[in-house]
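FYI, the numbering just counts along the sequence from 1. Because the structure is predicted, anything quoted here is derived from the model rather than measured.
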Amino acid sequence: MHTKYIFVTGGVVSSLGKGIISSSLACLLKARGFRVTIQKFDPYINIDPGTLNPYEHGECYVTEDGHEADLDLGHYERFTNVHTSRANNVTSGRIFQSVIEKERRGDYLGKTVQIVPHITDEIKRCVKFLGNTGEYDFIITEIGGTIGDIESLPFLEAVRQLRWEMGQNCLCVHLTYVPFIAAAKELKTKPTQHSVKALQELGIQPDVLVLRTEKEIPDDMRRKIALFCNVSPDSVVQSQDVNSIYKVPLRMHAQNLDEIVLRKMGVPFEGEPHMQPWFDFIDKMDSASETVSIGLVGKYVELQDAYKSISEALFHAATYAGRKLELVYIHSEKLTPDNADEKLGAMDGIIIAPGFGQRGIEGKFVALKWCREHDVPTFGICLGMQCMVIEFARDVLGLEDANSTEMNPHTPHNVIDLMEEQKNISNLGGTMRLGAFDCRLRPGSKAAEAYGTDLVRERHRHRFEFNDSYRARFEEAGMICSGENPGTHLVEVVEMPSKRWFVGTQYHPEYSSTVLSPSPIFAAFINAAIAYRNETHKPTNG
């Protein structure tokens, strides 16, 4: 069959969950045997989110091919088990950059370069790129931002054109918000009506409406919305708040969203989607009665989206272990030797979060020293692993001034140093060590036991590395380098065999954890935390 294109737009307010709706629809279509991928078009001018502060845009997700992407791509992968790539996330910056480069080369033969047709044609080319590979039956495209935003207009104009060019091979899903006014005890449909009207003024008629709501929307109200928005009544679906994003696909299927889409696009279907593994996960999640408490030490704890992939990977692992996850965010800037007992003592395990820069770094050293001395299961990721190395060098090896050259370029003991190939780089965007690389694990190590193999492939996002000239001193003192890149011999994993579970990874295993394929090393960490909880006889009820 011809590749089908589904566009997902949002109205009324931002952060309604377009990514979750897109992921849920993709999950259902994939469970019906279709080949599906999702892409995100973001209207900001940055080339990618790699140079954005997490406070601006949340977590920067990394694809296997080394693209720094919007955090929604993490949801796409977690819901579908399908790897994304550079082609799955396009920003206005990428679009404008490509058009300007073509203009500079003379590709437009002296014509005046304009938003229409040149920018919109480039958007359309990017929309259809994955479809042209022949690998997918459905391409779901989420348009970032909210209807009415100035910066979204070129993307919506491109959608309008594609809607007419593709006919039945194109469909538009519009997500809106139906607020509940507590004082009046009423749901209000006017915001949805105005949102659809704004979309219609741009030449786009939505085929399906998904209504985000806190309260059940009565049938007569849905019929009213359908009437005022020119949408068939059976194509108005509600997305009522649930206690887990992983229940949204089941809620959408219960309202026939996948069947509505297939029917409108002329795609034959029969039976039910194969969702049993998903049901099994939900059953484990709902039936868990005992708790595992994990403390996450980082500097962006006010914004939990900054650590979205980590929190989801922990949740996957805890669920499969039959536990409820109690994730406690601990601000590294506020952690001191005086309050470490109070803030860390109740935890079953500690995650030392990734990040960049000096801010909050000393608190991470405090946490690591406390965890090492109290033998609490500890997992350091990227900068967290580098902090493990620095703290060990200072406190165990006696190298008091040990540091990373990121924090102190003049440190006499650069146990973490800038990679050789990074030393002459001046542009920051897209120039780190990015994407998936092989890692050879030492047989018998905690890391090898976790993965059940000696060779793994995980994703990276960093510039600084363990300084190999210190390797022998670390190993003699009890911190082994249990994983390395087989080609470059760069150290990827460190651990302390004498401890219950004290492991650091230079890579980011959280990026590859999905609902149906949880990260093995996160699972091992959670199991170690549960064993520690049982051993110390902490209360088990949530």
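- If you check the side chains of Gln238 and Glu216, you find a donor sitting under 3.5 Å from an acceptor.
- Partners of Phe474 under the ring-ring contact (aromatic ring centres under 6.0 Å, His included) rule, at least two apart in sequence or in another chain, are Phe392, Phe466.
- Contact of the Val515 side chain with the His316 side chain is registered, since non-hydrogen atoms from C-beta on lie closer than 4.5 Å.
- Applying the side-chain hydrogen bond (donor to acceptor under 3.5 Å, both in side chains) rule to Asp72 yields the partners Lys40; only residues at least two apart in sequence or on another chain are considered.
- Considering all non-hydrogen atoms of both residues, Arg323 and Thr291 come closest at NH1-O, 3.0 Å.
- When atom types are taken as modelled, the side chain of Asp65 and the backbone of Gly435 share no donor-acceptor pair closer than 3.5 angstrom.
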inquiry  = side-chain contact (heavy atoms from CB on, under 4.5 Å) for His253 and Arg32? Distances and angles first, verdict last.
reply    = CA-CA 11 Å; His253 176 60; Arg32 287 186 174 276; 3.8 Å; yes

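- Not one N or O on the side chain of Thr411 forms a donor-acceptor pair closer than 3.5 Å with the backbone of Pro409.
- Distance alone, capped at 3.5 Å, is enough to place a donor-acceptor pair between the Thr63 side chain and the His67 backbone.
- Side-chain contact between Glu290 and Lys324: absent, with no pair of heavy atoms (C-beta onward) separated by less than 4.5 Å.
- Between Tyr61 and Asp70 the shortest side-chain heavy-atom distance does not fall below 4.5 Å.
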request  = Evaluate the salt bridge (charged side-chain N to carboxylate O under 4.0 Å, His left out) criterion for residues Asp48 and Arg94: first the C-alpha distance (whole Å), next the side-chain angles of each, then the deciding distance (0.1 Å), finally the verdict.
outcome  = CA-CA 8 Å; Asp48 57 51; Arg94 281 256 307 274; over 6 Å; no

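- Evaluated for a side-chain contact (heavy atoms from CB on, under 4.5 Å) with Leu383, the options Ile352, Ile361, Ile390 yield exactly one hit, Ile361.
- The CD atom of Glu312 sits 13.5 Å away from the OG atom of Ser519 when rounded to the nearest 0.5 Å.
- Considering every non-hydrogen atom in both Ala87 and Gln39, the closest pair reads O-OE1, 3.5 Å.
- A side chain to side chain donor-acceptor pair (under 3.5 Å) with Arg78 is found for exactly one of Ser512, Ser513, Ser309, namely Ser309.
- Using modelled atom types and a 3.5 Å distance limit, the side chains of Thr405 and Asp417 yield a donor-acceptor pair.
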query = Which is it for Asn403 and Arg394 under the side-chain contact (heavy atoms from CB on, under 4.5 Å) test, yes or no, and what are the steps along the way?
reply = CA-CA 8 Å; Asn403 214 328; Arg394 290 179 179 180; 3.3 Å; yes

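- Side-chain atoms of His374 never come within 3.5 Å of backbone atoms of Val376 as a donor-acceptor pair (strictly under, hydrogens ignored).
- Nearest heavy atoms, Ala367 versus Val297: CB-CG2, 4.1 Å.
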inquiry  = Walk me through whether Lys308 and Glu77 qualify under salt bridge (charged side-chain N to carboxylate O under 4.0 Å, His left out).
reply    = CA-CA 13 Å; Lys308 191 63 177 174; Glu77 292 202 13; over 6 Å; no

Trace of the side-chain contact (heavy atoms from CB on, under 4.5 Å) decision for Trp501 with Tyr532 = CA-CA 10 Å; Trp501 209 91; Tyr532 174 65; over 6 Å; no

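- Pairing each heavy atom of Val366 with each of Ala340, the nearest pair is CG1-CB, 4.1 Å.
- With 3.5 Å as the limit, one finds a donor-acceptor pair spanning the side chains of Glu458 and Tyr451.
- Between the side chain of Ser92 and the backbone N or O of Pro43 there is at least one donor-acceptor pair closer than 3.5 Å.
- Residue-environment remark: CD (Glu400) stays at or below the threshold of 12 foreign heavy atoms within 6.0 Å.
- Within the structure, side-chain hydrogen bond (donor to acceptor under 3.5 Å, both in side chains) pairs that include any residue of residues 381-392 comprise Arg372-Glu391, Gln386-Gln506 (at least two apart or interchain).
- The minimum heavy-atom distance between Asn467 and Ser469, with the atom names listed, is OD1-OG, 2.8 Å.
- Here the two rings, on Trp278 and Phe79, have centers that are under 6.0 Å apart.
- Distance CD1/Ile526 to OG1/Thr319: 9.5 Å, rounded to 0.5 Å.
- Between Phe281 and Tyr246, the ring-plane angle classifies as perpendicular under the 30° and 60° cut-offs.
- For Lys30 (side chain) and Thr80 (main-chain N/O), a donor-acceptor pair under 3.5 Å exists by modelled atom type.
- Looking only at distances, a side-chain donor or acceptor of Thr536 sits under 3.5 Å from a matching main-chain atom of Arg533.
- To the nearest 0.5 Å, atom CG of residue Asp454 and atom OG of residue Ser482 are 11.0 Å apart.
- Proximity of Leu455 to Cys439: side-chain heavy atoms (C-beta onward) are nowhere separated by under 4.5 Å.
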query = What's the verdict on side-chain contact (heavy atoms from CB on, under 4.5 Å) for Val494 and Phe502, showing C-alpha distance, side-chain angles and the deciding distance?
reply = CA-CA 8 Å; Val494 299; Phe502 197 87; over 6 Å; no

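- Residues Asp401 and His413 have side chains that never bring a donor and an acceptor to within less than 3.5 angstrom of each other.
- Counted by atom type alone, Tyr511 and Glu64 present zero donor-acceptor pairs between their side chains at under 3.5 Å.
- Within the 3.5 Å criterion, the main-chain N or O of Glu333 finds a donor-acceptor partner in the side chain of His331.
- In this structure, the side chains of Met347 and Val328 come closer than 4.5 Å at one or more pairs of heavy atoms.
- Put simply, the side chain of Asn89 never gets that close to the backbone of Arg86: no donor and acceptor are under 3.5 Å apart.
- No side-chain heavy atom of Asn485 sits less than 4.5 Å from a side-chain heavy atom of Asp438.
- Counting only heavy atoms from C-beta outward, the side chains of Val503 and Ile521 approach each other to under 4.5 Å.
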request  = Given ring-ring contact (aromatic ring centres under 6.0 Å, His included), test Phe522 with Phe379 step by step and report yes or no.
outcome  = CA-CA 9 Å; Phe522 271 90; Phe379 189 8; 5.2 Å; yes

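- Side chain of Arg212 to backbone of Tyr177: no donor-acceptor contact under 3.5 angstrom is found.
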query = Would Arg35 and Glu135 satisfy salt bridge (charged side-chain N to carboxylate O under 4.0 Å, His left out), going step by step from the backbone distance to the final call?
reply = CA-CA 7 Å; Arg35 301 169 301 163; Glu135 296 179 15; over 6 Å; no

message = Is there a salt bridge (charged side-chain N to carboxylate O under 4.0 Å, His left out) between Glu373 and Lys369? Walk through the geometry before answering.
response = CA-CA 6 Å; Glu373 292 180 343; Lys369 178 180 173 64; 2.9 Å; yes

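- For the pair Ser23 and Ile38, the tightest heavy-atom approach, listed with the atom from each and the gap, is CA-CD1, 3.7 Å.
- A heavy-atom distance below 4.5 Å is not found between the side chains of Val13 and Thr146.
- Results of the side-chain contact (heavy atoms from CB on, under 4.5 Å) test with Ile330 over Val301, Asn339, Ile351, Leu344 single out Leu344 as the only residue that passes.
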